[in-house]
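Just so it is clear, the structure is predicted and the values come from calculations on it, not from any experiment. All chains are named by letter (A, B, ...) in the order of the sequence lines, taking the proteins before the strands, and each is independently numbered beginning at 1.
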4 protein chains.
Amino acid sequence: MSDPSSQRASRDPGGCGPPEPEDNPKRRQILDGARRMFLAQGFEGASMQDVARAAGVSKGTLYVYFDSKEAMFEALVLTECGRLQRTIRQLGAGVEGVEHELRQIARSMIDTLLQDEVMAAMRMMIGAGEKFPDLARKIYEAGPMRSIETLAEYFALRVTRGDLAMQDCREAGAEFVDLVLAGLQRRALLMMPPLSDAGTDAFVRRRVARFLAVYAPNATAPEPRQ
Amino acid sequence: MSDPSSQRASRDPGGCGPPEPEDNPKRRQILDGARRMFLAQGFEGASMQDVARAAGVSKGTLYVYFDSKEAMFEALVLTECGRLQRTIRQLGAGVEGVEHELRQIARSMIDTLLQDEVMAAMRMMIGAGEKFPDLARKIYEAGPMRSIETLAEYFALRVTRGDLAMQDCREAGAEFVDLVLAGLQRRALLMMPPLSDAGTDAFVRRRVARFLAVYAPNATAPEPRQ
Amino acid sequence: MSDPSSQRASRDPGGCGPPEPEDNPKRRQILDGARRMFLAQGFEGASMQDVARAAGVSKGTLYVYFDSKEAMFEALVLTECGRLQRTIRQLGAGVEGVEHELRQIARSMIDTLLQDEVMAAMRMMIGAGEKFPDLARKIYEAGPMRSIETLAEYFALRVTRGDLAMQDCREAGAEFVDLVLAGLQRRALLMMPPLSDAGTDAFVRRRVARFLAVYAPNATAPEPRQ
Amino acid sequence: MSDPSSQRASRDPGGCGPPEPEDNPKRRQILDGARRMFLAQGFEGASMQDVARAAGVSKGTLYVYFDSKEAMFEALVLTECGRLQRTIRQLGAGVEGVEHELRQIARSMIDTLLQDEVMAAMRMMIGAGEKFPDLARKIYEAGPMRSIETLAEYFALRVTRGDLAMQDCREAGAEFVDLVLAGLQRRALLMMPPLSDAGTDAFVRRRVARFLAVYAPNATAPEPRQ
DNA sequence: CATGAATGAGCTTTCATTCAT
DNA sequence: TATGAATGAAAGCTCATTCAT
């Protein structure tokens, strides 16, 4: 079992599962180079030569650890999935006061998911979707879907506390994501310059208010504003 | 001035402007082949050979009308921009009854923009964003931004009629797009199977209700519903 | 129909058929380079780079005329088949006096088929047999089998004239080939130095005598000699 | 002197000589793997990785025992030479009755030398002949030449017993090989399907009869038959 | 002695691009 | 203007070989 490629098949066959320990340092090193190149150039734009150079190994070594460029890409994306999930899971941990809390969650999602690097990953995954539809689906499940579920759990908790009132927490989660993230993400996907910090704050206040106008149990009739 | 490539530089310098008359039939023919191939295979997946074959001309002729593959891609995208704008402008034309109307607008946007072909174009443009950032921005302006503005105009009209109440029509437009389109688009971008027709209808009713809960002037306190 | 590759599929689909006119000069030029390289180095030993250099064209041009290295090899071999058949058909044309005639036929076969170049072709074909069994069979039919049949026709003629006596002309043809060619060919295949001219002559006289000892109608009891 | 590779140069400098004791077990093991792979895939088709796997050692170990792939191939072939010689030496041992005996020898040669595995070896050696001419010559001497000599010895014995009459036993041996083996071998080399068992028997009877028509001392005038 | 990680040259093939006609 | 033959750079991938352990 000293062949490093023996690790290939055994890695997380079920999808974007638990965080992978991934202990082989050379493999990590290669994936790291691959990450930089694929994010910067996309799947087709980055050549194996590029990846090798970025990883500081020879082209041949790439094929010791991965069967093909596609396999390497898949391994990379799966790794990134894990990273993303871990990020999401921490998003709204331990904040207080519903409106304030939701603003913080929103801001946290925005700050995390609109980072250049994450957007590049998203672009890469979307671009590669046509060629790797199964992979794209896994990404959806590990990313957006997981975010929504995490939010749903949080909302469920708040409902039991009486802070929120809703019947379908998942739908509310989806709505929250759509309201506070989708628009900014759409802009970023098409390379529009990001909002200023103040602009983002205003946006978050507005949209969280919209959300609460519907889901806060003691919501007065919503005043159309802004 | 018999060189058709002399038209290259002069085409729509300002961006995705008004519908281009585009009179040269051979150029149209080439762009049409390019459209089919790029949508089907993506920018890197489609070879100039493919485009030439799809357009029914020789490879050499491609270079009579376009300086490079990238230039052809850019020209194609700009043309598509115009097409999209025209589509958007017709979206909610001549329907009546606010809630019913908004549902029809929503459904129309969904049906149009989630078509396989449009999604392929979107994926292609997002994927190419890294390489053509200016182009991506133009697309944003011609696509989502224009949609929002078109909606804003429509809302403004409804406000004057007293059917809606809002202060910032553009913000309301953005919110509408986020609520009724973004989630489905996110799913489609990552190759998730589309909702059933009934599912889509339910989604539209739900989200339009949310929208009206905030912006209908005589809105009662919104009832949180599934 | 100006694409040179359109000639690919239409070339002699039935096997080693009639002499091909093969008029495209560039294709000929490439096949000629391929011939030199494949004969010298074998199928795997010769790289497409080698072939391109030998043919005086660029590597890319190779693929304008042939779909793959294997397709080129097959086209080459088929061409060589035709060449060989033409040679065989002329072998014993118009000589007189049975023993003298048979000696001349034998010598002609030997001189033709033991040329360095032909032996190289044979080695190449045999070496490639494992990978291209169908092709190898075609070669057998176009080469050895055809030789035997040509001899059989000749023997049949001589039988009607009363010069030879035999019941199965094909078997006699096979025997003749075995007696006068096989041994020398086996030597040549394994790179043994060829017999001297005088040695070859002696060999031919001996083996033709053996043949006639059996098939000459007025043969006296064969005297074991030499 | 603990380096096993010190055995390399000293191995059988004279060619395909006496059976080599070959005592190093690991070397044997490697050659055995090499034999399987080279026969199955040919010299170029089999990778050192394949050989290592087939031999159950690491790739590096291969280079402890052999300087290069070519050296390993040469060593393998030389070993196979010995094997073949031993086989040949036993071919016609201890049978009785000249015609019956010759048929048995013939059949034995055919059955041995036309086995798939032996043919594969032959094809491999012929194919490699261009690249390793000296090796090919050694093979000729160890294989066909040795067969002929063994037959010659056998014929000489029979001559002293009065069963056969000939002046040049080696020539007779060569003739025998040509008559009873060459044709079938030629077919097999070019991947033609083998004769049926009955067909082979008929072939052997016919050709042995031809042989005896010339070399049996009491041969009546040969009757042209079949 | 044995290993297997690492290498880099070389493989077949593709493709955007040029240019003589 | 339109062609398509020709190109050469670069792609993904393989493999014989080396070397530190």
Using the salt bridge (charged side-chain N to carboxylate O under 4.0 Å, His left out) criterion, which residues pair with A:Arg137? Sequence neighbours excluded.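 Result, salt bridge (charged side-chain N to carboxylate O under 4.0 Å, His left out) vs A:Arg137: A:Asp134.
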Salt bridge (charged side-chain N to carboxylate O under 4.0 Å, His left out) partners for B:Glu44, two or more places apart: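 Salt bridge (charged side-chain N to carboxylate O under 4.0 Å, His left out) check on B:Glu44 returns nothing, list empty.
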Going 5' to 3' through nucleotides 13-21 of chain E and flagging B where a protein heavy-atom sits under 4.0 Å of the base, S where only the sugar-phosphate is that close, and - otherwise, we get BB-BBB---
Could you measure the distance from the CE atom of D:Met48 to the CE atom of D:Met72? Nearest 0.5 Å is fine.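 Atom-to-atom, D:Met48:CE and D:Met72:CE are 4.0 Å apart.
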Nearest to the side chain of B:Tyr65, which nucleotide is it out of F:dT1, F:dT7, E:dA6?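 From the listed options, F:dT1 comes nearest.
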So that I can compare with my own list, what are the stems of DNA chain E, taken as at least three consecutive Watson-Crick or G-U pairs with distances under 3.5 Å?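 Stem segments, range with range: E:2-21 with F:2-21.
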Under-4.0 Å side-chain N/O to phosphate OP1/OP2 contact, D:Lys26 with E:dC1: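 No, no such contact exists.
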Over how many whole Å does the gap from [X] atom [atom1] to [N] atom [atom2] extend?
{"X": "A:Leu62", "N": "F:dC15", "atom1": "CG", "atom2": "P", "answer": "17 Å"}
{"X": "B:Arg53", "N": "F:dT3", "atom1": "CZ", "atom2": "P", "answer": "14 Å"}
{"X": "B:Ile30", "N": "F:dT1", "atom1": "CD1", "atom2": "P", "answer": "12 Å"}
{"X": "B:Gln29", "N": "F:dT1", "atom1": "CD", "atom2": "P", "answer": "15 Å"}

Under the side-chain contact (heavy atoms from CB on, under 4.5 Å) rule, collect the residues that match up with [X], sequence neighbours excluded.
{"X": "C:Ala121", "value": "C:Leu39, C:Met125"}
{"X": "B:Ser58", "value": "B:Thr61"}
{"X": "C:Arg36", "value": "C:Asp32, C:Ala54"}
{"X": "B:Glu70", "value": "B:Phe43, B:Ser68, B:Lys131, B:Phe132"}

How would you list, by chain and number, every residue that makes a side-chain hydrogen bond (donor to acceptor under 3.5 Å, both in side chains) with D:Ser47, sequence neighbours excluded?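 D:Ser47 satisfies side-chain hydrogen bond (donor to acceptor under 3.5 Å, both in side chains) with D:Asp50 once adjacent residues are dropped.
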